[in-house]
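For reference, the structure is listed below as structure tokens.
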There are 2 protein chains.
Amino acid sequence: MTTGRLAPPGRSGRPTIKDVAAAAGVSRSTVSRVLTGRGYAAGPVRERVLRAAAELGYVPDVAARMLKQQVSRSVGVLVSDLRNPFYAELAAGAGNEARARGYTMVLTDTGLSAGTEGEAAEALVALRVAGVIVTPNSPAVSGYLSSHGVPVVEVDRQFAAGTTDGVVVGNRVGARTATAHLTGLGHRRIALVIDETEWTTGYERHQGYLEALHAADLKADPDLVIAAGWDVADARRRAADLLRGPDRPTAVFAANNVLAEGVWRAVGELGLRVPADVSLVAFDDAPWMSMVSPTLSAVAQDAYNLGVAAVRRLDARIELPDADSVTTVLGVRLVTRESTAPPPPL
Amino acid sequence: MTTGRLAPPGRSGRPTIKDVAAAAGVSRSTVSRVLTGRGYAAGPVRERVLRAAAELGYVPDVAARMLKQQVSRSVGVLVSDLRNPFYAELAAGAGNEARARGYTMVLTDTGLSAGTEGEAAEALVALRVAGVIVTPNSPAVSGYLSSHGVPVVEVDRQFAAGTTDGVVVGNRVGARTATAHLTGLGHRRIALVIDETEWTTGYERHQGYLEALHAADLKADPDLVIAAGWDVADARRRAADLLRGPDRPTAVFAANNVLAEGVWRAVGELGLRVPADVSLVAFDDAPWMSMVSPTLSAVAQDAYNLGVAAVRRLDARIELPDADSVTTVLGVRLVTRESTAPPPPL
DNA sequence: CATCCGTGTGGGAACGATGTCATAACCCCT
DNA sequence: AGGGGTTATGACATCGTTCCCACACGGATG
């Protein structure tokens, strides 16, 4: 029976556990036990509580629960650029897997700035997220988060291998395969258009490229490794310069989908034919590559699954915070289409 | 001086306001006043508190603050499909604008299911988000959220005009312009490939199509309005059926980027030439449309700004919860490219 | 000299959910 | 009939923050 409380019945806002308790004629403890499924609750009581909760539209307050339990069921996801289909797919995979596991996803687009990345990480710490998935722009994030006791999974790029978990693709083997595909067709002057070659994915892809050249007994020409910027316009300019040159390469390997778009536009702009004049292969198979004419050969990486795998890893890490760190490597697959062919005769 | 408390100094986790108070030799109330900037605090005291907070690396617990103040600085964003570049752009715009305004974004990919949408909405209510931006799949969400006192902005699609805020594009005028472009070129049999025509965007785009036909003194042929499903494969099948038919249209207007892709693939599959055999125009200009050959004419809507505008509207609504509801209509722009030309001679 | 005000500060009650602990009711067994 | 165990429930403290209120100082004013 409800006690003769003075408290206004509906109050202004949402029903609380107290309201449910009153409606069901039980105590808050009992409601909690029924709703969380921890502890006893007799059949009829359980039913009354559930009905009352449903009727009132009761939804437990996350803040209160979080305060009590000191941890939330949210995961932070930090990606570099949602407008890039690669990161969008990744976020979609992470989001869906997170939801399936009962987490809500807090998403931040960090751009390529280590600054925004840092701020976003602070915000996530304040939110007491259960863990964070990040495509890191700098080595700092993972350290910062770890030092605050927040489990981290680095995805796509990995700065802190050995210290934090990672989920990456076979960058080296992918780049090697793509380049070997070109050498196999007879190309000897193969350019690599890439953003940077010092860290993680950039480093690995560059190495894979070099390995394939070496395996084909070709010597690597540093002038054929083009450091393009991070956007299409920049890549386009650099690629145009490269292809306009006197001794232009017969094939170009673009290290990601953005650079590939730049190269592709430059090629069109210069009136070169693909693959008759120049072969083109990309790392990261974006949707447009199978739609344009000619279609582009590319190393396909499953970004969606990258996101899914990252959440799985994070969830495992949250369960066992002290286990050894694990790096998962997902396979890649060269999809040969129309943009690669033997080089033009001399 | 720190009082001789028994409480373990560091405890396990983060410093709380209590630790700061002890370190600064004041009460929690004073610390709170200093840190929030509300209420008195003498110069030297203020300074001591700030120093102590900085030294301890104190970050206020979001959960506790939220519990007390009954509202968070998070906004929920519900989109239909992150892998669709339209929604990805929208989410990117919303995310960046949210961050700029000090909100964190909780993102959920609802798919096209009203069910997941409902669950996601519940989760957001539980999170006590300050507001929600949604591309609704059903009329139910906005009602549900509003009834829980959560400010809502419907974006792209709008079910609850007049009740909740909305940010949409000029669907009717866009569709009319696109169709008029085709009639202006001399087309008389113009098909509309669309997902559905009953609600919001689908309804508006259908109306715009009809208006343009009417303005050109053409009678609308219901057989030319094709209800394709929601994915590329389905659209492709329907479009193929349509274009294989005996009396095929000379032009097709695809009501969104997914349907356009289906139509585009069907056209290629059937060996038809664009625009010689059939003209093609799309609503929603996706990146690939300017890359394929021939390039596609399309009604461009600025999805990124749609997201930005939605956050602005939401923020305004949060400030003034009781103001009249507002629907913002963003302009669209027909980009004519290579896929539209006069119909083939009889 | 008593009163009042402005300036600072601390005490303590919320906020809503959880979970420990105490206790009540009941059954079974001796 | 009494003890021990199980089942089932409620009281209460707790999480970290905010903020209302009480109170303690001075100095000014009547």
Side-chain angles (χ1 to χ4, degrees), chain A residues 1-3 5-8 10-49 52-53 56-73 125-128, chain B residues 3 5 7-8 11-49 52-53 56-73 125-128 148-149:
Chain A
M1 187 178 302
T2 68
T3 55
R5 290 182 171 281
L6 300 178
R11 275 235 311 296
S12 57
R14 295 168 29 170
T16 75
I17 199 172
K18 213 167 174 176
D19 300 325
V20 177
V26 296
S27 72
R28 290 165 316 170
S29 312
T30 303
V31 176
S32 175
R33 259 177 277 122
V34 170
L35 264 20
T36 61
R38 284 185 274 271
Y40 289 117
V45 173
R46 150 167 278 109
E47 216 168 292
R48 253 188 307 153
V49 169
L56 293 175
Y58 170 73
V59 180
D61 185 311
V62 171
R65 172 177 291 170
M66 199 193 309
L67 176 58
K68 178 67 182 168
Q69 308 193 330
Q70 300 292 3
V71 66
S72 74
R73 282 301 275 182
V125 169
L127 273 179
R128 281 187 184 279
Chain B
T3 55
R5 290 180 171 283
R11 276 237 309 295
S12 56
R14 297 168 28 169
T16 74
I17 199 173
K18 213 166 174 177
D19 300 324
V20 178
V26 297
S27 72
R28 292 165 317 168
S29 311
T30 304
V31 176
S32 175
R33 258 178 276 122
V34 171
L35 263 21
T36 60
R38 284 186 274 271
Y40 291 115
V45 173
R46 150 169 277 109
E47 216 168 292
R48 255 188 307 153
V49 170
L56 293 175
Y58 171 73
V59 180
D61 187 309
V62 172
R65 171 174 291 173
M66 200 192 309
L67 177 59
K68 179 65 184 171
Q69 307 196 327
Q70 302 292 4
V71 66
S72 74
R73 282 300 277 182
V125 169
L127 274 178
R128 282 188 183 279
H148 279 75

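Side chains are part of it too, since the values below use all heavy atoms of this structure and drop only hydrogens, waters and symmetry mates. What you see is a predicted model, and the numbers here were worked out from it, not measured in a lab. So that the names make sense, note that chain A is the first sequence line, chain B the second, and so on, each numbered from 1.
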Practice task
Applying side-chain contact (heavy atoms from CB on, under 4.5 Å), name anything that partners B/Val31, two or more places apart in sequence or on another chain.
Solution key: B/Ile17, B/Val20, B/Ala21, B/Val26, B/Leu35, B/Val49

Problem - Contacts of type side chain to side chain donor-acceptor pair (under 3.5 Å), residue A/Arg73, not counting sequence neighbours - result: A/Tyr103

Problem - N or O in side chain of A/Ser32 less than 4.0 angstrom from C/dT18 OP1/OP2 - result: yes

Exercise for the section: Verify the contact: side-chain N or O of B/Gln69 to OP1 or OP2 of D/dC19, cut-off strictly under 4.0 Å; return yes or no. Expected result: yes

Completion exercise
For B/Ala24 and B/Arg48 the tightest heavy-atom approach is O-NH1, 2.8 Å

Problem - Distance, rounded to the nearest Å, where A/Met66 contributes CE and D/dT14 contributes C1' - result: 17 Å

Practice task
Sequence neighbours left out, what pairs pass side chain to side chain donor-acceptor pair (under 3.5 Å) with at least one residue falling in residues 28-43 of chain A?
Solution key: A/Ser27-A/Thr30

Practice task
Please round to the nearest 0.5 Å and tell me the distance separating atom NZ of A/Lys68 and atom CD of A/Gln70.
Solution key: 9.0 Å

Problem - Side-chain N,O (B/Gln70) to OP1/OP2 (C/dG16) below 4.0 Å - result: yes

Practice task
Using atom CG of B/Asp61 as one end and atom P of D/dT14 as the other, report the distance to the nearest whole Å.
Solution key: 18 Å

Fill in the blank from the handout: Minimal heavy-atom distance between B/Ala52 and B/Ala23, with the atoms involved, is CB-CB, 4.0 Å

Problem - Distance in angstrom units between B/Ile17 CD1 and C/dA14 P, rounded - result: 19 Å

Problem - Length of the line joining A/Arg128:CZ and D/dT17:P, which is rounded to integer Å - result: 8 Å

Practice task
For A/Tyr58 and C/dG16, give me the distance from atom OH to atom P, rounded to whole Å.
Solution key: 10 Å

Handout entry: Heavy-atom pair of closest approach, residues A/Arg14 and A/Asp19
Key = O-OD2, 4.1 Å

Handout entry: Contact summary for B/Val62 and A/Ala126, nearest pair of heavy atoms
Key = CG2-O, 3.0 Å

Practice task
Go through the structure and list residues passing salt bridge (Lys or Arg N to Asp or Glu O under 4.0 Å) with A/Arg128, not counting sequence neighbours.
Solution key: B/Asp61

Completion exercise
With the side chain defined as heavy atoms from C-beta on, A/Thr36 is closest, among D/dT18, C/dA17, C/dT18, to C/dT18

Completion exercise
Rounded to whole Å, CG of B/Leu56 lies from C1' of D/dG16 at a distance of 15 Å

Handout entry: Base D/dT18 paired with B/Lys68 side chain (donor-acceptor, <3.5 Å)
Key = yes

Completion exercise
note: A/Arg14, atom CZ; C/dC15, atom P; distance rounded to Å ~ 14 Å

Problem - For atom CG of B/Leu67 and atom C1' of C/dG16, their distance in whole Å - result: 5 Å

Under 3.5 Å between N/O atoms: give me all the protein pairs with nucleotides 9-12 of chain D, atom names plus distance.
unit_1: D/dT9; atom_1: OP2; unit_2: A/Ala42; atom_2: N; d: 2.8
unit_1: D/dG10; atom_1: OP2; unit_2: A/Ser27; atom_2: N; d: 2.9
unit_1: D/dG10; atom_1: OP2; unit_2: A/Ser27; atom_2: OG; d: 3.0
unit_1: D/dG10; atom_1: OP2; unit_2: A/Thr30; atom_2: OG1; d: 2.5
unit_1: D/dG10; atom_1: N7; unit_2: A/Arg33; atom_2: NH2; d: 2.9
unit_1: D/dA11; atom_1: N7; unit_2: A/Ser29; atom_2: OG; d: 3.3
unit_1: D/dA11; atom_1: N6; unit_2: A/Ser29; atom_2: OG; d: 2.6
unit_1: D/dC12; atom_1: N4; unit_2: A/Arg28; atom_2: NH2; d: 3.0

Practice task
For the helix from C/dC1-D/dG30 to C/dT30-D/dA1, measure the angle between the helix axis at one end and the axis at the other, each built from five pairs, rounding to 10°.
Solution key: 70°

